[in-house]
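These notes concern the structure reproduced below.
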Amino acid sequence: MPDTSTGSTGSTATPSRRTVLAATAGVTTALAVGGSAHAGAPDDRKLRALIARMTLPEKVGQLFVMRVYGHSATTPDQADIDANLKEIGVRTAAEMVAKYRVGGIIYFTWAHNTRTPHQIADLSNGIQRASLTQPRGLPVLVSTDQEHGIVCRVGEPATLFPGAMAIGAGGSRADARTLGRIAGQELRALGIRQNYSPVADVNVNPGNPVIGVRSFGAEPDAVAGMVAAEVAGYQRSRQIAATAKHFPGHGDTAVDSHYGFPVITHTREQWETLDAPPFRAAVRAGIDSIMTAHIMVPALDDSGDPATLSHSILTGILREELGYDGVVVTDSLGMEGVRTKYGDDRVPVLALKAGVDQLLNPPSLDIAWNAVLKAVQEGELTEARLDESILRILRLKAKLRLFEEPYVSQGGVDRHVGTASHLRTADRIAERTTTLLVNEGALLPLSRRTHPEVLVVGADPASPSGTTGPPTGVLAAALTELGFTATALSTGTAPSAATVARAVEAARTADAVVVGTYNVTASSTQKALVEQLLATGKPVVAVAIRNPYDVAHLPAVPACLASYSWTDVELRAAARVIAGRVAPRGRLPVPVQRADDPARVLYPVGHGLTYGSS
């Protein structure tokens with residue numbers, strides 16, 4: 001077992017650079033002090049020498065990025081120890097690193113990795129310490145999904161930005177760069193060095209259950225511009241890798257690859273026109289990693305294999321045609337889309353044969369790890385093939401200066417995470433994204449003189465980061481701060497008749513009603529809620545807190561806004577628009593089809609109303 005005497009989350013001690021170099025003696029030390037590491041251009045000769053010293057089990061471990069439960073690398077809560085024993089066969093992150101020598105670890109909120117900024121930094125340090133004190137120990141590449149908007153693993157008090165479709169509605173590449181720069185700076189301070197963002201999928205299917213507002217929009221060139229801008233922002237933040245996902249494009253599917261096996265029916269020409277541009281832009285921008293999609297694209301590979309396991313797609317198209325030589329990481333290997341055709345022992349081997357470098361989050365690390373080891377021992381995979389991927393991974397670690405600076409400090413957390421300047425910037429960006437879709441009779445902005453009492457009702461989905469919301473409460477509090485007297489009444493995503501009746505009764509004493517809608521469908525009881533609120537004669541303002549397509553199912557509502565997510569930063573911005581403190585500036589980055597005739601467009605890309613100058 002590694003030395004974990006200083007690994008508890010209560011410790012703020014950070015090993016000195018001398019200690020780090022001693023722990024990574026030999027070739028690793030040479031990497032740390034060599035000029036090429038400073039220049040961001042790692043010396044492949046030194047990296048290859050380092051690989052040559054590794055044992056085969058160590059090489060296999062470098063290929064895996066694995067989840068682990070707990071807030072601490074060495075002293076997690078008992079429930080997390082139990083979960084680790086059940087799923088991984090180890091008690092702690094430190095034990096997992098020692099047993100499997102994993103090259104990466106991914107943080108999740110549900111795995112209790114991301115409670116507070118200082119705790120996250122301590123966890124990162126504990127993981128690095130556990131790895132660097134192993135024989136031939138290497139720094140670990142810690143990753144997470146911090147897309148912002150509806151996918152966020154690190155919550156408040158870190159800075160939370162609007163999500164991709166909101167940024168697309170704002171239309172500012174400068175804002176996308178700023179998001180990447182600040183988000184990267186904050187993640188770097190927490191010891192998270194690889195972010196699985198931005199989403200490069202072009203969401204051309206309104207029914208897409210897994211991408212939707214995680215995409216910048218429906219126009220390939222606009223998405224490409226935003227992807228390149230956000231990547232540039234992450235690169236400017238220094239020492240963090242952005243990841244474009246999900247190659248070759250997950251934007252036109254009605255199946256969630258977490259639970260099924262999507263098939264994309266685009267022709268090769270359609271793929272080139274619709275799906276490829278954002279990935280080409282990411283490659284041109286120097287993206288450090290690209291994540292694969294567990295989808296079948298027969299026009300690109302008619303074998304029936306998902307893209308994650310397709311040599312034609314990952315090597316033939318991504319590497320050879322697009323000229324990409326960075327790190328390729330799979331989407332989670334626990335998702336059904338990649339497990340449909342092959343067993344969990346075959347998937348990691350086939351992914352490596354296809355051209356993957358990092359194997360993310362297999363359902364059983366022991367099965368996957370031993371399958372790769374066996375494939376090399378039996379000759380199905382060559383050790384040279386593993387070395388190719390390990391070289392790319394070590395190049396990235398060297399570029400990120402992980403050999404020199406594997407640890408983070410508590411002072412760095414205080415200086416960079418959730419600063420007043422960053423929070424103000426997020427608020428200003430959010431104000432430029434809120435989209436006014438309908439405003440009959442100039443109902444908005446609401447006046448606190450004519451409509452002082454406001455009832456806020458609607459859906460209260462769980463916070464993307466576990467630290468914000470609930471949406472009705474956030475909207476009510478924001479409107480109260482703006483001079484209204486606002487009360488909140490949660491009615492949920494499927495309000496019952498009794499719930500609707502309570503909302504209608506409460507509306508009778510209000511001057512106006514704000515209703516937050518969440519993915520309204522033709523049969524949704526949210527429609528009945530809005531219709532019965534309208535029947536009271538009170539002014540009703542709808543705020544689509546996820547998909548902007550809700551407006552198509554609410555034809556009678558006199559005012560409708562799209563916020564594209566229900567995180568606090570976007571809801572506060574919507575409240576300021578409702579109150580007239582700022583004018584709406586967002587423009588739809590996707591078309592909204594008519595509910596009664598989906599072949600016809602109700603609101604085109606670029607639609608968005610305003611009040612004039614704010």
How far does OH of Tyr324 sit from CG of Leu318, to the nearest 0.5 angstrom? 7.0 Å
Residue pairs passing the side chain to side chain donor-acceptor pair (under 3.5 Å) test with at least one member in residues 346-359, sequence neighbours excluded, are Gln194-Gln358, Arg319-Asp357, Arg346-Glu380, Lys353-Glu380, Asp357-Ser389, Asp357-Arg392
Qualifying residues under side-chain contact (heavy atoms from CB on, under 4.5 Å), relative to Pro584, sequence neighbours excluded: Leu436, Val577, Thr610, Tyr611
So, are Arg585 and Glu431 salt-bridged, with charged N and O less than 4.0 Å apart? no
Salt bridge check, Arg395 against Asp44: does any charged N sit closer than 4.0 Å to a carboxylate O? yes
Using a strict 4.0 Å threshold on nitrogen-to-oxygen distance, state whether Asp331 and Lys245 make a salt bridge. no
Side-chain heavy-atom pair Lys341, Asp305 within 4.5 angstrom cut-off: yes
In plain terms, say whether Glu321 and Arg268 are close enough for a salt bridge, that is, a side-chain N and a carboxylate O under 4.0 Å apart. yes
Are Arg546 and Glu570 close enough for a salt bridge, meaning some N to O gap below 4.0 Å? no
Regarding Tyr196 and Ser143, do their side chains bring together a donor and an acceptor under 3.5 Å, going by distance alone? yes
Ala426: what forms a side-chain contact (heavy atoms from CB on, under 4.5 Å) with it, not counting sequence neighbours? Thr159, Phe161, Val569
Between side-chain atoms of residues 221-233 and protein atoms elsewhere (two or more places apart, or another chain), which donor-acceptor pairs fall under 3.5 Å?
| unit_1 | atom_1 | unit_2 | atom_2 | d |
| --- | --- | --- | --- | --- |
| Glu230 | OE2 | Ser197 | OG | 3.3 |

Say whether Gln239 and Arg193, considering side chains only, have a donor N or O and an acceptor N or O under 3.5 Å apart. yes
Applying side-chain hydrogen bond (donor to acceptor under 3.5 Å, both in side chains), can you list everything that pairs with Arg173, at least two apart in sequence or on another chain? none
Suppose we screen for side-chain contact (heavy atoms from CB on, under 4.5 Å). Which residues come up paired with Ala562, at least two apart in sequence or across chains? Thr435, Leu437, Pro548, Tyr564
Would Glu147 and Arg153 pass as an ion pair if we require N to O under 4.0 Å? no
A side-chain contact here means heavy atoms from C-beta on lying under 4.5 Å apart; do Val204 and Val590 qualify? no
4.5 Å side-chain heavy-atom contact, Tyr234 and Arg188: no
Give a yes or no on this: more than 12 heavy atoms of other residues, nucleotides or ligands lie within 6.0 Å of atom CZ of Arg45. no
Judged by modelled atom types alone, do His422 and Gln185 share a side-chain donor-acceptor pair under 3.5 Å? yes
